[in-house]
Amino acid sequence: MDINEKQVGPREAAMLGGAPGVPSAGRGPAVTGKPRQKDYTHPAAGWGAAVSVGKVVAASGVPGQAAKALFTMNHEGSGFDCPGCAWPDATDGLKLDLCENGIKHVTWEMTAKRAGRELFADAFELVGRALRGLDSPHRAAFYTSGRLANEATFLYQLWVREYGTNNLPDCSNMCHEASGRALQASLGTGKGTCDLNDWEKADAIVVMGVNAASNAPRMLTALSDAYRRGAQIVHINPLVEAASRDTIVPHEILAMATFRPTRIGTMNVQPRIGGDMALLRGVAKATIEAGAVSPDFLDRYTDGFEAYRNLVVTTSWEDIVAGSGVDEEQIRQLAGVYIRSERTVISWCLGLTQQEHGVDTVREIVNLLLLRGNLGREGAGPSPVRGHSNVQGNRTCGIDHRPTAAFLDKLAEVCGIDPPREHGLDTVATIEAMRRGDVRVFVGMGGNFVLAAPDTAYTSQALRQCDLTVHVSTKLNRSHLVHGRDALILPCIARSERDVQKTGPQSISVEDAMSEVHLSRGSKRPASPYLLSEPAIIAGMAAATLPESRTPWAEYTDDYDRIRDTMAEVLDGFAGFNRKVRDRLGFRIPQPAREREFLTPSGHAEFSAAALPDLEVPPGFLMLSTMRSHDQWNTTIYSNDDRYRGLRGTRTVIFMNERDMADRGLAEFDRVDVTSLAKDGTRRHVYGYQAMRYDVPPGNAAGYMPELNVLCPIGDVSSQSDQPLMKHVVVEIVASA
Ligand SMILES: Nc1nc2c(c(=O)[nH]1)N[C@H]1C(S)=C(S)[C@@H](COP(=O)(O)OP(=O)(O)OC[C@H]3O[C@@H](n4cnc5c(=O)[nH]c(N)nc54)[C@H](O)[C@@H]3O)O[C@H]1N2
Ligand SMILES: Nc1nc2c(c(=O)[nH]1)N[C@H]1C(S)=C(S)[C@@H](COP(=O)(O)OP(=O)(O)OC[C@H]3O[C@@H](n4cnc5c(=O)[nH]c(N)nc54)[C@H](O)[C@@H]3O)O[C@H]1N2
Ligand SMILES: [Mo]
């Protein structure tokens with residue numbers, strides 16, 4: 001019996017793909033017919049995307065409303081912010097700058113199912129009673145998925161801290177925790193320093209570890225513009241993804257009519273999984289060897305360059321080539337691109353962060369940028385691609401299990417509460433605490449915790465041990481079925497819907513990946529007149545939990561301007577929030593690092609000098625990365641197809657190098673069993689996947705989340721960021737018996 005079955009029993013193990021001899025089904029629609037793979041040779045976006053959107057809008061069951069919603073999405077001033085990704089809106093506003101996946105995301109949110117008033121009547125009291133009954137506030141944990149708007153976020157953390165804990169795990173713990181920590185250590189800010197204008201001015205854009213065509217489609221517009229003005233665009237990815245080829249930009253109707261694609265890449269580099277840090281070091285080495293550094297900048301603004309240079313000079317090309325999986329000649333070519341560029345932007349996403357050495361890798365990006373002063377000037381700098389549409393705003397507004405003393409002091413002073421000072425639990429620590437019985441109440445503000453978190457069987461067991469689980473959601477999902485002794489599913493108003501409170505229609509605000517904050521107002525009639533907004537639900541739970549509270553919960557709900565007034569006093573850069581956020585394009589949170597003011601202990605940008613990681617796997621094992629398909633939004637699966645990777649009809653595949661397949665005697669779509677090897681030596685299995693030939697370097701493999709989360713061991717987190725190693729799963733792949 002394997003680890004999955006021991007934890008969840010044979011029936012559920014079969015559903016999770018962990019039953020020997022039973023082919024895994026995946027989490028998409030029922031599979032019919034045989035899967036197919038044919039390389040996708042058309043440009044990304046364009047007509048393929050348009051056809052796909054038409055199908056989704058029709059299938060939403062509310063085509064008229066869906067079409068109307070699409071025309072108000074991302075229109076500054078009046079519309080609502082696309083709840084899809086965090087890519088900023090075009091600076092000149094009002095292009096039809098939507099993407100196919102944003103559209104699928106919005107229409108999927110619209111459903112014909114309804115919930116009535118009676119649902120909320122007892123719910124708040126149940127939550128309040130359960131929380132008041134715990135012997136310590138630390139026995140509860142409060143998860144946030146990155147969809148929560150700024151105002152609701154602020155209320156949520158206020159409730160949790162007034163109640164008495166910093167147990168605020170969030171999806172960012174699985175996403176960009178490494179980026180935040182790295183940028184904080186190097187530059188004294190947890191965020192990137194670039195905006196879209198910088199993307200428009202860069203001579204070279206380096207895109208690392210992101211599947212842009214699927215997950216940040218509006219980046220394609222920026223890349224094709226950059227290509228047309230002659231910028232160099234380098235894609236660094238073990239998989240050659242569609243974004244590195246051609247695109248037809250969605251709003252360019254003429255290009256769509258004439259099928260005239262624009263190139264969106266000038267160079268592809270294919271490192272081994274986890275090899276980015278060694279690759280970056282190689283580029284730094286060649287840059288230093290060529291004497292192409294900026295001594296004045298280094299002198300004036302940085303700290304630790306000498307130590308870094310010594311480390312780079314003594315790192316051998318042999319180690320760099322072995323560690324990156326890229327040959328010296330190509331690394332030198334890449335360095336040539338970097339050296340010839342006056343202004344360089346380096347952008348990255350999960351391929352770099354969900355690794356053991358994620359923090360070191362992001363710091364190596366900064367090291368490389370610092371060498372040539374690519375920081376705090378136009379067209380240059382680090383630019384992480386954030387995930388959820390407001391994941392960055394969540395952090396800004398207080399979702400942090402490790403809050404700073406300065407933030408807590410301010411919160412105490414302005415809100416008259418006594419927040420706890422000890423750090424709280426992150427996502428993985430919360431799961432482990434639930435499993436031990438130390439956390440008894442779990443609240444999820446959005447998200448699909450059981451499927452998004454690592455080690456599905458373990459996490460299921462942990463949630464089932466709770467006294468109470470509460471989910472505030474716009475859509476039903478698997479987490480609603482894997483619950484504690486008592487369970488609440490509270491539906492809420494979605495971002496595309498009208499939110500009317502006592503003082504009239506309300507707007508909420510969000511922050512995009514480039515620190516721009518703007519208002520968002522839904523226009524669609526809510527699914528039911530009895531639905532409550534997220535701020536109203538949070539305030540209702542808070543008032544029931546804290547009967548003595550002097551926080552004006554009801555007033556906050558009546559008028560979100562009141563929430564913003566308090567936020568303006570607590571949060572740095574939010575003075576005049578209510579006024580500034582009503583500007584046509586919103587406002588930008590000040591970024592000291594952008595002005596070359598570094599809030600680090602030394603007052604300078606800090607070089608890091610970390611050793612290259614050891615990526616060796618035991619003989620016969622492969623390194624597997626989990627990722628999204630084109631037709632999914634995290635745990636929401638739209639179909640079994642992955643258009644740009646040319647795959648149709650299945651999700652339970654393992655992308656493998658041809659040579660690794662031959663070594664195992666595997667032909668295309670042969671069934672395989674996959675076993676992961678945890679740091680602690682335990683093994684987890686999925687059965688009856690299908691092997692698929694793909695352009696990945698030998699020794700590397702890939703497959704889809706959330707199905708493969710079954711294989712991600714709960715204890716395998718980075719010692720640098722505590723992030724689960726979702727792009728670094730050591731696996732053994734054998735032909736199914
Ligand atoms: N349509 C759509 N959009 C989304 C999402 C969605 O699910 N659907 N999710 C949103 C969220 S929350 C996030 S965080 C982002 C995620 O956006 P991505 O980071 O693009 O997400 P993944 O699909 O996990 O893709 C990881 C990419 O990294 C590459 N990769 C894997 N290992 C390595 C490595 O070691 N080095 C390098 N250089 N590359 C590697 C993979 O080949 C893949 O291209 O997208 C956001 N946008
Ligand atoms: N193996 C593996 N696992 C991963 C990753 C990976 O790359 N590999 N990526 C990780 C990353 S980057 C992330 S961000 C997490 C995602 O983790 P989560 O954020 O927990 O998951 P989602 O699938 O985005 O959550 C979708 C659910 O959120 C609810 N929802 C949607 N919109 C709203 C809203 O406006 N309000 C409320 N209240 N609820 C809403 C709906 O009920 C929907 O079913 O997954 C992580 N898990
Ligand atoms: Mo994410």
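Order of listing sets the numbers, starting from 1, for every ligand and every atom in it.
Residues Tyr638 and Trp633 place their aromatic rings such that the two centres sit no closer than 6.0 Å. Checked against the 6.0 Å centroid threshold, Tyr689 and Tyr704 do not count as a close aromatic pair. Between Phe449 and His471, the gap from one ring centroid to the other reaches at least 6.0 Å.
Considering backbone and side-chain atoms together, Gly447 places an N or O closer than 3.5 Å to an N or O of ligand 2. For the pair Arg645 and ligand 1, the shortest N or O to N or O distance does not fall below 3.5 Å. Residue Glu241 has at least one N or O atom closer than 3.5 Å to an N or O atom of ligand 1. For Asn709, a nitrogen or oxygen atom sits less than 3.5 Å from a nitrogen or oxygen atom of ligand 2, counting backbone and side chain alike. For Val472, a nitrogen or oxygen atom sits less than 3.5 Å from a nitrogen or oxygen atom of ligand 2, counting backbone and side chain alike.
Residues Asp455 and Arg684 are paired through a salt bridge, judged by an N-O separation under 4.0 Å between the basic side chain and the carboxylate. Taking the charged nitrogens against the carboxylate oxygens, Arg363 and Asp360 have no contact shorter than 4.0 Å, which rules out a salt bridge. Salt-bridge formation is detected for the pair Glu497/Lys524: a Lys NZ or Arg NE/NH1/NH2 atom is positioned less than 4.0 Å from an Asp or Glu carboxylate oxygen. Salt-bridge annotation for Arg395 and Glu511: absent, with no side-chain N of the basic residue lying under 4.0 Å from a carboxylate O of the acidic one.
Comparing heavy-atom distances from atom 27 (C) of ligand 1 across Gly209, Pro706, Ala213 singles out Gly209 as nearest. If you check each of Gly351, Gly358, Gly325 against atom 33 (C) of ligand 1, the one with the closest non-hydrogen atom is Gly351. Of the candidates Leu725, Thr635, Thr456, it is Thr635 that places a heavy atom closest to atom 23 (O) of ligand 2. Here the shortest heavy-atom distance to atom 42 (O) of ligand 2, taken over Lys475, His176, His388, belongs to Lys475. Among Glu534, Arg147, Glu177, the residue whose heavy atom sits closest to atom 36 (N) of ligand 2 is Glu534. Selection from Thr474, Val391, Ile537 by nearest heavy atom to atom 40 (C) of ligand 2 gives Thr474. In the candidate list Met445, Met726, Arg628, Arg628 is nearest to atom 11 (C) of ligand 2, counting heavy atoms.
Counting the atoms of ligand 1 from 1 in the order shown, those under 4.0 Å from a heavy atom of Asp276 are 34 (C), 35 (O), 36 (N), 37 (C), 38 (N). Each of the atoms 31 (C), 32 (N) of ligand 1 lies under 4.0 Å from some heavy atom of Ser625. The Lys727 neighbourhood of ligand 2 comprises atoms 7 (O), with distances under 4.0 Å to a heavy atom of that residue. For ligand 1, the atoms closer than 4.0 angstrom to any heavy atom of Gly387 are 10 (C), 11 (C), 12 (S), 13 (C), 14 (S), 15 (C), 46 (C). If you number the atoms of ligand 1 from 1 as listed, the ones under 4.0 Å from a heavy atom of Ile236 come out as 38 (N). Near Tyr143, the atoms of ligand 2 lying under 4.0 angstrom from a non-hydrogen atom of the residue are 17 (O), 18 (P), 19 (O), 20 (O). Atoms of ligand 2 found under 4.0 Å from any heavy atom of Cys175, numbered from 1 in the order shown, are 12 (S). Interface atoms of ligand 1 facing Gln632, defined by a heavy-atom separation under 4.0 Å, are 1 (N), 2 (C), 6 (C), 7 (O), 8 (N). For ligand 2, the atoms lying closer than 4.0 Å to a non-hydrogen atom of Gln354 are 5 (C), 6 (C), 7 (O), 9 (N), 10 (C). In summary, the atoms of ligand 1 found under 4.0 Å from a heavy atom of Leu352, numbered by their order in the structure, are 38 (N). Applying the 4.0 Å criterion to heavy atoms of Gly274 picks out, from ligand 1, the atoms 34 (C), 35 (O).
Shown are Asn709, Thr626, Leu711, Ile714; of these, the side-chain contact (heavy atoms from CB on, under 4.5 Å) with Pro454 is made only by Ile714. Each of Ile489, Leu148, Leu532, Leu490 was evaluated against Val472; a single residue qualifies, Leu490, per the side-chain contact (heavy atoms from CB on, under 4.5 Å) test.
For the pair Ala213 and His630, the tightest heavy-atom approach, listed with the atom from each and the gap, is O-CE1, 4.0 Å.
With a heavy-atom cut-off of 4.0 Å, Pro217 does not touch ligand 1 at all. Of the heavy atoms in Met627, both backbone and side-chain atoms come closer than 4.0 Å to ligand 1. Heavy atoms of Asn215 found under 4.0 angstrom from ligand 1 belong to the backbone as well as the side chain. With a 4.0 Å cut-off on non-hydrogen atoms, Gln355 touches ligand 1 through its side chain and not its backbone.
A donor-acceptor contact closer than 3.5 angstrom is absent between the side chains of Asp276 and Thr361. In the model, Asn634 has a side-chain atom that pairs as donor or acceptor with a side-chain atom of His388 under 3.5 Å. Counting only N and O atoms by type, the side chains of Asp170 and Asn173 include a donor and acceptor under 3.5 Å apart.
Using a distance-only test at 3.5 Å, with no hydrogens or angles considered, a donor-acceptor pair links the side chain of Gln723 to the main chain of Ala178.
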From CA spacing to verdict: salt bridge (charged side-chain N to carboxylate O under 4.0 Å, His left out), Glu356, Lys679 | CA-CA 11 Å; Glu356 177 68 52; Lys679 283 183 183 174; 2.8 Å; yes
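Heavy-atom separations between Cys492 and ligand 2 include at least one value shorter than 4.0 Å. Look at His471 and you'll find every heavy atom at least 4.0 Å from all atoms of ligand 2. Heavy atoms of Leu350 approach ligand 2 to within less than 4.0 angstrom.
Qualifying salt bridge (Lys or Arg N to Asp or Glu O under 4.0 Å) partners for Arg181, counting only residues two or more places apart in sequence or in other chains: Glu177, Asp722. In this view, Asn448 and Ser479, Thr635 satisfy the side chain to side chain donor-acceptor pair (under 3.5 Å) rule, not counting sequence neighbours.
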